[in-house]
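I have placed the structure first, in the form of structure tokens, so that the comments after it can refer back to it.
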Amino acid sequence: MSLHRWSPRWLSNFRSASWKDRGIYTGKTCLHLLNLACAIHLISEYIGRPSTMTGPSMLPTLAHDGELVIEDRLSVRLFPERISRGDIVILQSPLEPGRIICKRILGMPGDIVCVDPTGVLAPSTEHVIVPKGHVWISGDNAAYSRDSREYGPVSMSLIQGRLFARIWPLQKATIFRNPATSLD
Amino acid sequence: MLRRAWALFRTLPAFRQVPSLLYWSPTVLFATTALYVPIHITGRSMQPSLNPDSSPWRDIGIFDRASVRVSRDYQKGDVVALRSPGDVNHMLVKRIAGMEGDVVRTLPPYPDLIVHVPRGHVWVEGDEPFYSDDSNLFGPVPAALIDSKLIAIVWPLPRVGRVSRPETPRESEAQYRHAMATFERDRSRSAKVTFDGVAKY
């Protein structure tokens, strides 16, 4: 009896097997499926995963709805010091635990940033120094974004991953590169 | 010679287990990183609840990550592991002293006497205020940084068990005084969280 290997006659083998063998085979299959699910969870947690994005806050870069992107979680975990200005990051909301947000990094620890250049949420002359271990984040669509202008610099420990690429819709598939240039 | 040693090594039962161990490693890793995480607790900021001076070993605690991640199940008084707000590579083990909306009386390094814990944040403190880098140093922390909560100590063997809140005992004099001091410390910590000026226990 060869129930444990897949073969063209698997179904008839299964039918002719005793109830005990069927039970053992089913149990083993469940264990293997569980193992597979664990592997998928670990990969999506530590390496990267596809995910959908909704919301208007990153609008010229990411559409409001219906896009599929790939998060890169490995590089953020392995080299947290390589996070730099201009990266689009996925992080946990500092206001609502459990909520995931996606913003662009504008300021690194030690930078002096203008709180709100438009002067809507704070006078445009107000500047802050980003503290150690924190970053200043902002949505690309400033008018429809709740970001550091409202709640201040956020801890880098909240960052879960970096936006790597967009894979859907296919015509707009891109790999997101860091657009920041430095002026001397 | 080397080849014969290798051939001998390959026949060992332990070696024959390697592929199957590798195959089943996702389940093991999942259980120890997503469900119940063992963490070696360093430092003295949680004395006397964790790493007491009387114990020669540093404590290893089992932390429940699934309930924190999935249902955000933690309350005031829980011992939690959280990612340090100021350092990406660092984890802290502290006790939650105040949830969002609470008004907490702070300790010296903090500039204000009382603080209103903002939305989505918690106030964490070590049990040993003198050696602890906690919210009194860096302010309220986002609750999203909370990673897991302590359910039991598994090492060293004499300290195995759950970490409960201190109770009033009636043992010998010295033990009683020690326990009373612990109890008073816990009470004073709770009393620092006030709601409309009334202490909540």
Side-chain angles (χ1 to χ4, degrees), chain A residues 4 28 30-47 73 75-84 89-101 105 108-110 130-135 137 146 148 150-162, chain B residues 19-37 65-75 80-92 94 96 99-101 117-122 124 133 135 137-149:
Chain A
H4 305 298
K28 277 189 177 175
C30 286
L31 277 181
H32 285 272
L33 285 176
L34 188 77
N35 192 43
L36 184 70
C38 289
I40 291 171
H41 175 270
L42 288 174
I43 289 170
S44 70
E45 185 75 20
Y46 294 100
I47 295 175
R73 294 186 158 215
S75 70
V76 171
R77 271 179 190 273
L78 288 182
F79 314 106
E81 68 282 351
R82 284 198 200 161
I83 295 171
S84 59
V89 290
I90 290 124
L91 67 164
Q92 282 176 305
S93 164
L95 298 182
E96 281 175 63
R99 192 179 141 87
I100 307 294
I101 56 176
I105 292 185
M108 294 300 289
V130 181
K132 179 175 165 262
H134 288 62
V135 288
I137 54 168
R146 303 185 72 192
S148 282
E150 226 176 285
Y151 42 71
V154 296
S155 167
M156 281 172 96
S157 307
L158 289 169
I159 296 177
Q160 290 187 325
R162 179 183 302 160
Chain B
S20 98
L21 279 179
L22 270 180
Y23 178 80
W24 289 105
S25 64
T27 306
V28 178
L29 283 174
F30 177 80
T32 55
T33 64
L35 300 180
Y36 296 102
V37 192
R65 202 176 218 173
S67 68
V68 169
R69 286 271 188 92
V70 177
S71 54
R72 312 301 308 176
D73 175 24
Y74 42 81
Q75 297 138 20
V80 292
L82 63 151
R83 279 163 286 149
S84 166
D87 184 355
V88 188
N89 301 316
H90 210 70
M91 292 274 278
L92 306 169
K94 303 286 169 210
I96 299 181
M99 305 289 283
E100 62 175 0
V117 182
R119 189 178 144 220
H121 287 59
V122 291
V124 292
D133 286 350
S135 281
L137 187 76
F138 43 70
V141 293
L145 288 182
I146 296 178
D147 183 75
S148 48
K149 70 175 177 187

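Per chain, numbering begins at 1; letters A, B, ... match sequence-line order. As the structure is a computational prediction, the values presented were derived from the model and not from experiment. Computation of the quantities below employed the complete heavy-atom set of this structure, encompassing side-chain atoms and omitting hydrogens, waters and symmetry-equivalent molecules.
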Segment of B:A31 engaging chain A (4.5 angstrom heavy-atom cut-off):
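When you check distances to chain A, no heavy atom of B:A31 falls under 4.5 Å.
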With a 4.5 Å heavy-atom cut-off, do B:W24 and A:L31 have their side chains touching?
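A side-chain contact under 4.5 Å exists here.
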Name the member of B:R119, B:R69, B:R72, B:H90 that forms the most heavy-atom pairs with chain A at distances under 4.5 Å.
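Between B:R119, B:R69, B:R72, B:H90, the count favours B:R119.
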Out of B:A143, B:G120, B:P142, B:A144, return the one with the most heavy atom pairs under 4.5 angstrom to chain A.
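Of B:A143, B:G120, B:P142, B:A144, B:A144 has the most heavy-atom pairs under 4.5 Å with chain A.
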Does a sphere of radius 6.0 Å around OH in B:Y36 hold more than 12 heavy atoms from other residues, nucleotides or ligands, not counting ones at 6.0 Å or beyond?
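It does not: B:Y36 OH has 12 such atoms or fewer within range.
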Heavy-atom closest contact (A:S155 atom, B:P85 atom, distance)
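Looking at all heavy atoms of both residues, the shortest contact is OG-O, 2.7 Å.
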What heavy-atom pair brings B:V88 and A:M156 nearest, and what distance separates the two atoms?
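Smallest heavy-atom distance, with atoms named: CG2-CB, 3.6 Å.
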Working to the nearest 0.5 Å, report the span between [atom1] of [X] and [atom2] of [Y].
X      : Y      : atom1 : atom2 : result
B:L29  : A:H41  : CG    : NE2   : 11.5 Å
A:S157 : B:D147 : OG    : CG    : 10.5 Å
B:F138 : A:K132 : CZ    : NZ    : 11.0 Å

Is it the side chain or the backbone of [X] that comes within 4.5 Å of chain B heavy atoms, both, or neither?
X     : answer
A:L42 : side chain
A:E81 : neither
A:Y46 : side chain

Looking at A:L95, A:I159, A:N35, which has the largest count of heavy-atom pairs under 4.5 Å with chain B?
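Most heavy-atom pairs within the cutoff with chain B belong to A:N35.
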